[in-house]
Amino acid sequence: MSTNEIKERIWPAIEILEDLSELRKQAPLTHVITNIVVTNWTANVLLAIGASPAMVIAEEEVADFAAIASGVLINIGTVTKMDANAMRIAATAAKKAGTPWVLDPVAVGALHFRTELAKELLTQKPTVIRGNASEILALAGTVGGGKGVDSTAHSSAALPFAKELSEKTGAIVAVSGEIDYITNGKDTIAVPGGHPLMTKVTGVGCSLGALIASFLGIQKDPLRATVSASAVFAIAGSNAAKESKGTGSFAVAFLDQLSNLSK
């Protein structure tokens, strides 16, 4: 992709700071339906940033909770038949109630069941779709070539398809990678930063989807909310890497950075 295909835009840092301050003030109730590998980590990430996580997964409860939450995340990482039904119910309830929600199509394209579920969930109009390049390529109908949950494609390679997916679904599409690209189909924002250690700690990418859901709870502009969440994440990751000695200390430092971020 040539650089002139990416519309460069300087995002005002003051807006990110305003959104972070508002999130900490409101502590948005964030309904998280995620995979069993990352549940505890994701809750800690949201607590560190100042949000209020709720890991409600029972199909008897998800509809009621999605309707009262500030934002919802649906992450299909370790999906089972029971989980899938709860996800369908929650997505339908969120759409009906006008609750913004995020779809994280983990490893979509690699396996038929989750791929079909992700396509079904798209009909409930997610506010944001967040995935790595391979997942976005697969969800857009192109062979993504992912290796399990890991992407084998650069985020820029998925950008044209992310734009098409955004235009088709009406969702903001966030492609995570060495550089995150966030698009509404017309405007595209590049968010650099982060650190390779972020790919070595289970759940970091998945928790970004939850963080976006939290920012959606306090910021009505979904593009701005997604950019703010991604920028905060990248800054925390970059800062944490400077003071860590490896993956274990990085995980702790990352949570500390999220809780201590300021101007």
Side-chain angles (χ1 to χ4, degrees), residues 19 22-23 25-47 49-106 108 113-131 135 139 165-166 169-174 203 205-226 228-230:
D19 289 345
E22 192 62 27
L23 185 146
K25 185 185 301 182
Q26 293 190 30
L29 180 62
T30 307
H31 183 185
V32 178
I33 301 176
T34 192
N35 67 78
I36 59 174
V37 180
V38 306
T39 301
N40 181 69
W41 169 263
T42 302
N44 282 334
V45 164
L46 294 188
L47 288 170
I49 201 66
S52 178
M55 316 326 245
V56 177
I57 58 173
E59 58 183 88
E60 296 85 357
E61 297 179 332
V62 290
D64 291 341
F65 208 87
I68 64 173
S70 300
V72 177
L73 167 68
I74 296 179
N75 174 304
I76 65 173
T78 55
V79 65
T80 66
K81 185 176 181 180
M82 185 178 297
D83 295 333
N85 196 40
M87 291 173 183
R88 294 184 185 101
I89 295 170
T92 301
K95 179 185 176 184
K96 182 178 180 180
T99 306
W101 72 279
V102 179
L103 172 63
D104 194 333
V106 179
V108 71
F113 176 64
R114 70 181 57 238
T115 301
E116 292 305 306
L117 173 63
K119 291 179 180 178
E120 185 179 347
L121 291 172
L122 284 180
T123 65
Q124 298 305 320
K125 300 295 182 181
T127 312
V128 177
I129 301 166
R130 188 223 72 90
E135 291 161 352
L139 201 57
L165 185 62
S166 178
T169 62
I172 301 298
V173 178
C206 291
S207 60
L208 174 55
L211 191 65
I212 293 171
S214 292
F215 273 87
L216 287 170
I218 57 91
Q219 174 51 247
K220 292 183 179 180
D221 179 354
L223 180 65
R224 172 171 165 172
T226 307
S228 290
S230 299

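Nothing fancy with the numbering, it's 1 onward along the sequence.
Nearest approach of N35 to C206, heavy atoms of both residues: ND2-SG, 3.7 Å. In terms of heavy atoms, R130 sits closest to P105 at O-CD, 3.2 Å. Of all the heavy atoms in L103 and P126, the pair that sits closest is CB-CB, 4.0 Å. The shortest non-hydrogen separation linking T42 to A210 is CG2-CB, 3.4 Å. Across every non-hydrogen atom of A171 and S166, the tightest pair is O-OG, 2.7 Å.
M87 CE to R114 CZ: the interatomic distance, rounded to the nearest 0.5 Å, is 9.0 Å. Interatomic distance, CG of L121 versus CD1 of I74, reported as 5.5 Å (0.5 Å rounding). Between atom CD1 of residue I49 and atom CZ of residue F215 there is a gap of 5.5 Å, rounded to the nearest 0.5 Å. Separation of atoms CG (L47) and OG (S52) is listed at 7.5 Å; rounding is to 0.5 Å.
Among residue pairs with one or both ends in residues 212-222, those qualifying as side-chain hydrogen bond (donor to acceptor under 3.5 Å, both in side chains) are D19-Q219, T30-S214; sequence neighbours excluded.
Qualifying side chain to side chain donor-acceptor pair (under 3.5 Å) partners for E61, counting only residues two or more places apart in sequence or in other chains: none.
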Show me the donor-acceptor pairs within less than 3.5 Å that the side chains of residues 92-100 make with the rest of the protein, sequence neighbours left out.
unit_1	atom_1	unit_2	atom_2	d
T92	OG1	R88	O	2.8
T99	OG1	A66	O	2.8

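Within a 6.0 Å radius of CD1 in I36, other residues, nucleotides and ligands contribute 12 heavy atoms or fewer.
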